[in-house]
Amino acid sequence: MNAYERGTGFLLARLGSLTARSWTAFLAAHDLTQGQYAVLVTLDEHGPQGQRRLAGLVAVDARNIVAVLDSLAKRGLVERRPDETDRRRRTVALTGRGSALVKAVADAAAEEQDGFLSALDPAERARLNALLKRLYESHVGGTA
């Protein structure tokens with residue numbers, strides 16, 4: 001290992017690059033983009049949401065979420081319905097098929113992560129995750 005390869009910044013950048021490529025390929029194998037997956041997971045965690053609120057939760061401009069929702073609706077993974085309190089608004093919800101896909105992808109992602117982190121024992125994995133969360137929160141703010 002070269003001297004520059006031992007630096008924390010290099011290691012974080014290189015591992016970040018490796019995991020980003022791996023994650024993108026993983027999602028593509030499930031015919032999903034990062035944006036689509038974020039919408040599905042958010043709906044799974046928070047339940048049906050208005051389009052504007054959903055855009056905020058997944059950190060996407062409200063105008064850009066429409067294309068993501070269109071692609072998911074076309075595949076039968078989400079459905080839009082009139083809001084019960086304001087018929088001008090649309091609420092987005094997971095379908096049964098969308099819920100099943102979120103579970104399947106989450107299970108497969110956990111296996112993928114176990115493979116990537118196989119050099120670490122469970123206690124080391126937990127410690128690494130805690131340290132990364134702390135760093136993330138210190139730079140991004142909020143909760144991770």
Side-chain angles (χ1 to χ4, degrees), residues 1 5 7-144:
M1 186 178 268
E5 292 175 306
T8 303
F10 172 84
L11 292 170
L12 285 171
R14 184 70 177 122
L15 285 169
S17 177
L18 290 171
T19 57
R21 258 188 270 142
S22 175
W23 181 244
T24 299
F26 171 80
L27 288 176
H30 290 86
D31 196 25
L32 291 169
T33 65
Q34 176 63 37
Q36 291 169 333
Y37 186 65
V39 165
L40 294 174
V41 169
T42 299
L43 289 172
D44 187 57
E45 289 178 356
H46 296 279
Q49 297 292 317
Q51 285 185 195
R52 186 172 303 279
R53 171 81 174 126
L54 180 59
L57 288 170
V58 297
V60 171
D61 186 281
R63 295 171 300 212
N64 297 331
I65 195 119
V66 173
V68 174
L69 295 175
D70 286 347
S71 65
L72 293 172
K74 186 176 181 180
R75 294 174 54 193
L77 301 173
V78 300
E79 64 182 4
R80 294 178 180 119
R81 24 185 157 151
D83 186 283
E84 294 175 3
T85 59
D86 183 350
R87 303 299 246 174
R88 296 168 295 176
R89 292 180 1 129
R90 307 287 281 167
T91 299
V92 182
L94 278 179
T95 63
R97 187 173 174 187
S99 292
L101 181 62
V102 169
K103 180 174 178 4
V105 172
D107 290 347
E111 288 180 31
E112 218 30 56
Q113 178 176 283
D114 284 344
F116 189 83
L117 297 174
S118 64
L120 304 176
D121 67 37
E124 290 170 325
R125 291 178 191 191
R127 182 72 178 141
L128 174 64
N129 189 268
L131 291 169
L132 291 172
K133 281 182 187 175
R134 196 164 91 202
L135 275 173
Y136 181 82
E137 290 170 1
S138 76
H139 291 282
V140 177
T143 58

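Computed over heavy atoms, backbone and side chain alike; hydrogens, waters and symmetry mates excluded.
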For residues Leu101 and Leu32, determine if any side-chain heavy atom of one lies less than 4.5 Å from a side-chain heavy atom of the other. yes
Does the side chain of Gln36 come within less than 4.5 Å of Arg75's, by heavy atoms? yes
Determine the minimum heavy-atom distance between Ile65 and Val60, stating which atoms define it. N-CG1, 3.9 Å
Mind checking the CG-CG spacing from Asp44 to Leu40? Nearest 0.5 Å is all I need. 8.5 Å
How are the rings of Phe26 and Trp23 set relative to one another: parallel (under 30°), tilted (30 to 60°) or perpendicular (over 60°)? parallel
So Pro82 and Arg89, do their side chains get closer than 4.5 Å, heavy atoms only? no
Contact summary for Arg97 and Gly76, nearest pair of heavy atoms: CB-O, 3.7 Å
Using every non-hydrogen atom in the two residues, find where Gly115 and Ser118 come nearest and quote the distance to one decimal. O-OG, 3.1 Å
Report yes if the side chains of Gln51 and Arg80 come closer than 4.5 Å at any heavy-atom pair, otherwise no. yes
side-chain contact (heavy atoms from CB on, under 4.5 Å) between Leu132 and Leu12: does it pass, once the steps are laid out? CA-CA 10 Å; Leu132 291 172; Leu12 285 171; 4.0 Å; yes
For residues Ala119 and Glu124, report the shortest heavy-atom separation together with the two atoms involved. O-OE1, 4.2 Å
State plainly whether the residues Asp70 and Lys74 are in salt-bridge range, i.e. N to O under 4.0 Å. no
Got a second to check how far Glu79's CD is from Arg90's CZ, nearest 0.5 Å? 10.0 Å
Go through the steps to decide whether Ser138 and Arg134 satisfy the test side chain to side chain donor-acceptor pair (under 3.5 Å), and finish with yes or no. CA-CA 6 Å; Ser138 76; Arg134 196 164 91 202; over 6 Å; no
How about Leu117 and Leu128: do any of their side-chain heavy atoms sit closer than 4.5 Å? yes
Single hit among Leu77, Val92, Thr95, Leu72 for side-chain contact (heavy atoms from CB on, under 4.5 Å) with Leu43: Val92
Does some side-chain heavy atom of Arg125 sit less than 4.5 Å from a side-chain heavy atom of Asp114? yes
When you measure from the side chain of Thr24 to the backbone of Arg21, do you find a donor-acceptor pair of N or O atoms at a distance under 3.5 Å? no
Between Thr19 (side chain) and Leu15 (backbone), is there a donor-acceptor pair under 3.5 Å? yes
Write down the atom of His46, the atom of Gln49, and the distance for their closest heavy-atom approach. O-NE2, 3.1 Å
